[in-house]
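Some notes on the structure that comes next.
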2 protein chains.
Amino acid sequence: METIERKPRNREQIRSGILKTAKSIARQEGWQAVSIRKIADAIEYSAPIVYEYFDSKDVLLDEIRSEGFRHLYQEYDRIINLYRDPEKRLYEISLVQWEFARQQPEIYQVMYNLGGALCTMPIYESESMQAVSRIVCKTIFSFIPKAEDSIKRLYFQWWSISHGMIMLAMLLKDEQPFDQSEQIYRESMRRFVRDLR
Amino acid sequence: METIERKPRNREQIRSGILKTAKSIARQEGWQAVSIRKIADAIEYSAPIVYEYFDSKDVLLDEIRSEGFRHLYQEYDRIINLYRDPEKRLYEISLVQWEFARQQPEIYQVMYNLGGALCTMPIYESESMQAVSRIVCKTIFSFIPKAEDSIKRLYFQWWSISHGMIMLAMLLKDEQPFDQSEQIYRESMRRFVRDLR
DNA sequence: CCACTCAATTTAACACCGTTAACTAAGTTT
DNA sequence: AAACTTAGTTAACGGTGTTAAATTGAGTGG
């Protein structure tokens, strides 16, 4: 009886321990330093154990990427339930994305294959990423009810500005203070949202 | 007499052969597949020879990055000498950047540590990258003569939109046709330039 | 209590990686 | 001819992702 319960729980603990360790190493030493053996050492198992939970390093990274998009989705969902005004919604969603990239840069990196991280699973096949796309597109649509194609264009533009600024801010953070980049980001996203009217 | 001339020329040939091979492998198999041994095999030498030309894989990548920025600089310079109108200049510069990323994606990747490429030399310490920044800033200034801080803000915005769209277009190229992304890019850059007035 | 099974886990191995030290062979200088 | 320089190689170190085989250990039927 107990074993039936304890075994699966341990499995889940080990699994999340692997994910947690991978992210922790990436945060401290960068994704190029994340190795299966190092993860195994940290969770006090031998390397092959990791393969009992993830078929390869690639699917491990894919899981972290999906976690990231799911987290983003939840935050966007929260914003939408919090505000009624579509303009406010899109702006707040933009700010959430900035905050996410700021607080968990290593996850943001693996989501977009930045800074040496490489997850070979195509990002557009990720269900969790598509869910994020849908929720933002829906927000834009509730704002400007146009044809699907137009919405996709606007979404692509919004995504580009947001992602472009976040990426450059990360890349230049030692030259241009992050807070200064954030100020420009806020202004740009506000203007983008305003210009949608 | 001959040796004094032939030796340096051969040296230069080998050196550029290494660079060419690295880019070629990256283009065909991605940066994660670029290894010193594979490069050495291709140029028909043993691996340690590569270290006679580059202190490490990292400085090899740094050289390719610098080559990329120098190429971009030359193109920007050409545009500036070709057109007088600052508006036209900035727009054409934007198009050159798109074309560069389209034709040599593997170089664009190493310039920004995209898609698994990792050059640990900080990008903002690259002289060739700073030269590119200066020439674009100058173009914006000839357009809107404002304080240096304002110019840097505008440059950051221009760079973000351009780079963000290029990056996303590359990432989504199998879902959203590149030509379609290019259309949105042209429209966005045109609008950015127009809004500068 | 012994033998057996079965699952969990580890060890050992393979082929690769970046990098360096030691070595070889050829040519040049003295 | 002997010593030195140069170009290039082989071999090695410690690391990587990954897999097959060996090992451990606990529970079970005889």
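Below, chain A is the first sequence line, B the second, and so on; all start at residue 1.
Not a single donor-acceptor pair under 3.5 Å links the side chain of Lys23(B) to the backbone N or O of Ile64(B).
Across all strands shown, Val50(A) has no heavy atoms under 4.0 Å from either base or sugar-phosphate atoms. Counting any heavy atom pair closer than 4.0 Å across all strands shown, Glu52(A) reaches a base atom.
The distance between atom CZ of Phe54(B) and atom P of dT20(C), rounded to the nearest whole Å, is 16 Å. The separation between Ile36(B) atom CD1 and dC17(C) atom C1' is 10 Å, rounded to whole Å. Atom OH in Tyr53(B) sits about 10 Å away from atom C1' in dG8(D), given to the nearest Å. Remark: C1' of dG18(C) and CG of Asp55(B) are 13 Å apart, rounded to the nearest angstrom. Rounded to whole Å, atom P of dG17(D) lies 10 Å from atom CG of Leu61(A). Whole-Å rounding puts the Lys57(B) NZ to dG18(C) C1' distance at 8 Å. Look at CD on Gln32(B): it is 13 Å from C1' on dC17(C), rounded to the nearest Å. Distance, Asp58(A) CG to dG17(D) P: 12 Å, rounded to whole Å.
Rounded to 10 degrees, the angle separating the terminal helix axes of the helix from dC1(C)-dG30(D) to dT30(C)-dA1(D), each built from five base pairs, is 50°.
Relative orientation of the Tyr185(A) and Trp98(A) rings is tilted, given thresholds of 30° and 60° on the angle between their planes. Ring planes of Trp158(A) and Tyr155(A): parallel class, angle under 30° (limits at 30 and 60°).
Applying the ring pair (Phe, Tyr, Trp, His ring centres under 6.0 Å) test to residues at least two apart or on different chains, none of the pairs has a partner in residues 10-34 of chain A.
The side-chain hydrogen bond (donor to acceptor under 3.5 Å, both in side chains) with Ser181(A) is formed by just one residue from the set Gln176(A), Lys173(A), Arg102(A); it is Gln176(A).
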Report each atom pair, protein N/O against N/O of nucleotides 10-16 of chain C, whose distance is under 3.5 angstrom.
residue, atom, partner, partner atom, Å
dT10(C), OP2, Ser46(A), N, 2.9
dT10(C), OP2, Ser46(A), OG, 2.7
dA13(C), N6, Arg37(A), NH2, 3.2

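In this structure, a donor-acceptor pair under 3.5 Å is absent between the side chains of Tyr76(B) and His71(B). Side-chain contact, Glu99(A) with Gln103(A): a donor N or O sits under 3.5 Å from an acceptor N or O.
In this structure, CD1 in Ile43(A) is found 12.5 Å from CZ in Arg15(A), a value given to the nearest 0.5 Å. Atoms CZ and CD, from Arg27(A) and Gln104(A) in turn, are 6.5 Å apart once rounded to the nearest 0.5 Å.
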